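Following: one structure in structure tokens, then a few remarks.
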Amino acid sequence: MRYAETGVNLEIDLSRGSIEREGTDPRLTALHLGGLGTNTKMLWDRVPSEVEPFSPENLLIFSAGLLAGTLAPGANRMIVSTFSPQTLLSAYSVMGGFWAPELKHAGYDKVVIRGKSPKLVYLWINNDKVEIRDASHLRGKGALETAEIIRREVKDKEAQVLAIGLAGENKVHYASIEHGRSSASRGGIGGIMGDKGIKAIAVRGTKDINVARPAEFNELCNDILKYIQFRNDNPIKNVPPILAGLGSPQEMKLHDEAWHTSSFAWGNARIRRSDYWTKEIEAKWKVVQDNKVERLISCYNCPMKCGAVVEHEKLGRYLMKCYSKLTYTMAADSDLAFGLNIAGLGQEYGVDGYTTPQVLAFGVELYEAGILTDQDLPGFPATTEERFFYLLEKIVRREGIGDVLANGVYWAARQIGRGAEAYDHNTIKKHEQIPIKLGIMNPIYYLMWATGEKINITQIEGQIPQAPFATKEDKEEFVRDWIQVPNDKFKDFVLNWEPRTLPHYPSIEATCEIVDWQEMMHYIDDSVGTCAGLSSFPIKPPYHIHNFPRIISAATGMDLDEEGLKKIARRNRNLLRCLNIRRGMKKADEKPPEDHWKRRFPELESKLLDEYYKFKGWNNEGVPTKETLHELGLDYVAEEFELKGILKEEERVPETQGVR
Amino acid sequence: MKKVKKLIKIDVDKCNGCRACEAICSAFHAEPKYSSSNPDRSRIRVVHDPLRDIFVPVYAGEYTDSECNGKNVYTVDGKTYDECDFCRASCPSRKLFRDPDSNLPLKCDMCEDEPPLKEPKCVEWCINDALIYEEVEEEVEEEEPTRPLEIEVGLEALVKQHGVKVVMDTLSRLGKS
Ligand code: SF4
Ligand code: SF4
Ligand code: SF4
């Protein structure tokens with residue numbers, strides 16, 4: 001018997017209309033766990049580097065994490081992998097909610113989609129019965145609306161549905177895949193789904209998910225739950241409320257937004273308003289939030305409440321996830337009421353709540369600068385709020401200028417020309433970043449922004465406090481029960497941290513170790529399907545490197561210790577990097593935007609990057625060395641890289657010269 | 001005489017729709033214990049319709065072989081609920097509270113265990129306190145009849161569904177094979 005996983009993937013070829021069940025090789029689980037790990041391996045093996053994202057040969061993989069649907073609290077993640085139409089590199093996005101557990105109960109770990117359907121279809125997976133169904137009546141429908149219609153059609157209220165909206169159908173480069181209060185938003189994967197002609201996937205399953213060592217696993221899960229309760233009762237002291245608790249975070253529960261509104265930049269990542277947050281604003285926003293939010297809601301088997309049922313004037317209700325609460329608000333220099341309103345619409349259209357506001361703000365800026373004119377924007381309204389709605393409607397339909405803006409800031413700037421490139425000041429590797437513009441370079445963040453394969457800081461960072469504690473006592477108190485650190489050395493980072501020591505604190509060596517640790521935890525989460533909000537993202541989470549091996553082992557029966565788990569995380573991390581390198585990602589691409597910090601330190605930065613590459617076992621170009629690949633059992637990657645000249649055959653010293 | 005009555009209080013307003021209660025109930029009743037999870041085998045189900053802001057944890061009660069004739073709807077706080085949204089019956093009009101493989105009815109047994117648990121598993125796992133366990137002492141007239149074993153409930157359902165003869169025949173056939 002297979003434990004935790006089902007051992008079966010669904011392989012669907014939309015060009016041929018074929019559906020196959022394929023047993024998976026348990027050795028792959030031992031090497032890569034599941035989710036992001038096995039997705040990456042599949043993309044490496046099956047999608048050659050010259051395949052365009054919008055091509056029938058590109059794969060779109062929906063994968064439940066290895067532990068998804070088991071008793072492990074918050075193990076509910078689905079990881080979608082493909083190649084991005086925007087970055088042209090690999091893209092993965094992680095979705096919470098209820099879909100991944102349901103897929104497991106239906107008897108599958110992954111749904112692997114290739115080809116393209118000639119007409120719009122949806123999939124209905126009902127245990128062993130899998131159908132490709134006509135979806136022409138769903139064309140143009142909103143993502144949540146689509147889910148409702150499908151649930152009625154299949155006559156099962158408990159069917160879990162993920163769907164794209166108009167943006168996905170029109171291949172917008174930042175279209176999302178929506179599933180109730182959750183979504184897989186990043187990298188334009190909704191556009192890939194639209195390109196394949198698949199509007200939605202509905203799934204219903206009533207089979208058991210088994211675990212290998214039940215009593216032990218149950219006890220470990222109980223411990224996790226107890227620790228969550230403990231952390232809920234004991235928020236971290238001396239940090240802003242948003243960082244004090246668990247969750248992804250519990251944005252909809254909180255009223256205090258001092259931290260976001262003052263540290264993030266408003267508009268097109270332009271101005272910081274450190275004095276924005278006042279008692280009056282807080283009171284005003286509180287009224288809005290309390291009026292609009294009807295209930296705080298969770299994902300499968302998780303006690304945190306990161307999402308919300310939100311009242312919406314046009315839609316009736318929608319389901320808010322944590323992240324987009326403020327992104328539209330701040331990009332439009334507006335307020336919470338506006339943000340909650342447009343976010344609902346964005347969700348029905350199926351656009352990423354992270355990139356979209358920035359593209360809209362970019363469009364408004366170009367107009368104000370005279371680069372876009374009334375000719376490009378006929379009838380452009382007067383207020384920023386109305387302009388946001390106007391542009392959103394154009395983008396999701398790819399109408400007029402919307403057709404250009406639908407490609408994201410990087411590509412749109414180059415298509416528009418006339419100096420628009422200068423307004424593209426917040427992308428890395430062609431991808432919009434969180435709007436943060438700070439004063440002085442931070443070495444930890446520098447490395448994460450530069451080298452993260454996710455190209456998205458929120459899914460790389462976590463674990464460490466964002467600022468030094470004021471007193472020695474506070475520091476000591478913080479590290480006292482900091483059990484999550486890989487070893488005690490990491491505590492020194494907090495203990496010795498003094499204000500105004502950037503950019504020379506921590507040392508390069510410590511920086512490398514901290515970045516590596518934070519990243520590793522995300523790679524584990526994204527393979528086993530635990531929510532980052534209970535693991536890699538917050539400070540002092542319930543899941544960490546010391547309890548993960550036992551949890552994974554008790555669930556799956558795998559023989560696994562800390563070293564073993566670290567090695568798997570490293571293998572997945574390196575394979576993903578190689579996937580991007582094979583598609584042309586270069587060292588020159590690994591840099592945060594020019595104005596990311598006011599004060600930059602070019603020498604230190606380049607030293608940081610070089611040292612980090614070395615620390616990771618990569619060569620000076622950022623390519624994993626042959627030795628590194630060999631140690632991780634990735635010799636097949638090294639061979640291909642040597643063939644392609646990405647790795648040079650080692651220059652051997654001729655023997656005759658070796659006389660000593 | 002006095003008798004301890006076990007009570008689970010459900011606060012619908014506190015439910016976040018996480019279904020942890022379903023997961024843990026199914027695992028607790030798995031054989032061997034905790035060896036699998038499957039909300040469809042749970043004896044508590046959360047009737048949920050997020051876009052209508054409806055989240056109602058419902059416990060599996062008695063089996064019934066006939067569905068209600070007419071149906072009522074309730075409006076509470078401006079939200080419209082189907083009568084079935086609150087109903088505990090394992091009944092032919094819906095799939096709820098049926099074992100997905102055998103189709104036998106499921107019923108909440110308050111997690112009876114040896115030694116007894118401090119509180120039922122669903123309550124323990126609902127750390128948002130939508131489910132609260134209470135033991136209250138009640139004055140009762142006389143000893144209530146003991147509850148039938150789970151297998152009896154199941155057999156009774158089968159008998160109602162197929163008739164005694166078919167069940168007996170099947171049992172004796174199974175016994176021989
Ligand atoms: S922490 Fe939040 S986002 Fe994560 S699983 Fe729980 S409810 Fe979902
Ligand atoms: S565990 Fe509690 S909050 Fe979660 S669904 Fe069940 S009753 Fe609701
Ligand atoms: S009390 Fe026990 S048997 Fe009843 S629903 Fe809760 S967990 Fe299941």
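Sequence lines set the chain letters: A, B, ... in the order given, protein chains first and strands last, and positions in each chain run from 1. No experiment lies behind these values; they were computed from the predicted model shown.
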Over all atoms of both residues, closest heavy-atom pair of Tyr300(A) and Ala23(B): OH-CB, 3.5 Å
Could you tell me whether a side-chain N or O of Asp40(B) sits under 3.5 Å from a main-chain N or O of Lys207(A), the two making a donor and an acceptor? no
Look up atom CE in Met1(A) and atom OG in Ser35(B), then write down how far apart they are to the nearest 0.5 Å. 8.0 Å
If I measure from the heavy atoms of chain B, does Val309(A) come under 4.5 Å with its side chain, its backbone, both, or neither? side chain
Hey, is NZ on Lys5(B) packed in by over 12 heavy atoms from elsewhere, all under 6.0 Å? no
Heavy-atom side-chain proximity of Leu51(B) to Leu319(A) below 4.5 angstrom: yes
Proximal component of Asn232(A), with respect to chain B [non-hydrogen, under 4.5 Å]: side chain
Tell me if a side-chain donor or acceptor on Arg295(A) pairs with a main-chain N or O of Cys15(B) at a distance below 3.5 Å. yes
Quick one: of Lys104(A), Arg151(A), Glu158(A), Lys157(A), who has the most non-hydrogen atom pairs under 4.5 Å with chain B? Glu158(A)
Quick one: what part of Asn16(B) sits under 4.5 Å from any heavy atom of chain A, side chain, backbone, both or neither? both
Check whether Asp53(B) gets within reach of chain A through its side chain, its backbone, both or neither, counting any heavy atom under 4.5 Å. both
Highest number of heavy-atom pairs under 4.5 Å with chain B among Pro101(A), Gly205(A), Cys302(A) belongs to Cys302(A)
At a 4.5 Å cut-off on heavy atoms, which part of Arg94(B) comes close to chain A: side chain, backbone, both, or neither? neither
Okay, Ala27(B) and chain A: the region with an atom under 4.5 Å from a heavy atom over there is side chain
Around atom CZ of Phe86(B), are there more than 12 heavy atoms of other residues, nucleotides or ligands at under 6.0 Å? yes
Is there a side-chain contact between Leu225(A) and Trp125(B) (heavy atoms, below 4.5 Å)? yes
Say whether, by atom type as modelled, one donor and one acceptor occur between the side chain of Asn128(B) and the main chain of Pro303(A) under 3.5 angstrom. yes
Around atom CG of Asp77(B), are there more than 12 heavy atoms from other residues, nucleotides or ligands closer than 6.0 Å? no
Option in Val310(A), Ile209(A), Val211(A), Ile297(A) with maximal non-hydrogen atom pairs under 4.5 Å from chain B: Ile209(A)
CD1 on Ile127(B) to CE on Met304(A), rounded to 0.5 Å: 7.5 Å
Report which part of Thr206(A) has an atom under 4.5 Å of a heavy atom belonging to chain B: side chain, backbone, both, or neither. both
Which heavy-atom pair separates Ser37(B) from Gly69(A) by the least distance, and what is that distance? OG-O, 3.1 Å
Proximity of residues 212-221 of chain A to chain B, residues having a non-hydrogen atom under 4.5 angstrom: Pro214(A), Asn218(A), Cys221(A)
So what's closer than 4.5 Å to chain B heavy atoms on Leu296(A): side chain, backbone, both or neither? backbone
Looking at Cys126(B), Ser26(B), Pro39(B), Pro32(B), which one has more heavy-atom pairs under 4.5 Å with chain A than the rest? Pro39(B)
Please identify, among Leu315(A), Asn127(A), Asn222(A), the residue contributing the most non-hydrogen atom pairs under 4.5 Å to chain B. Asn222(A)
With a 4.5 angstrom heavy-atom cut-off, could you sort out which part of Tyr318(A) is near chain B: side chain, backbone, both or neither? backbone
Choice from Arg52(B), Glu124(B), Lys95(B) maximising heavy atom contacts with chain A below 4.5 Å: Arg52(B)
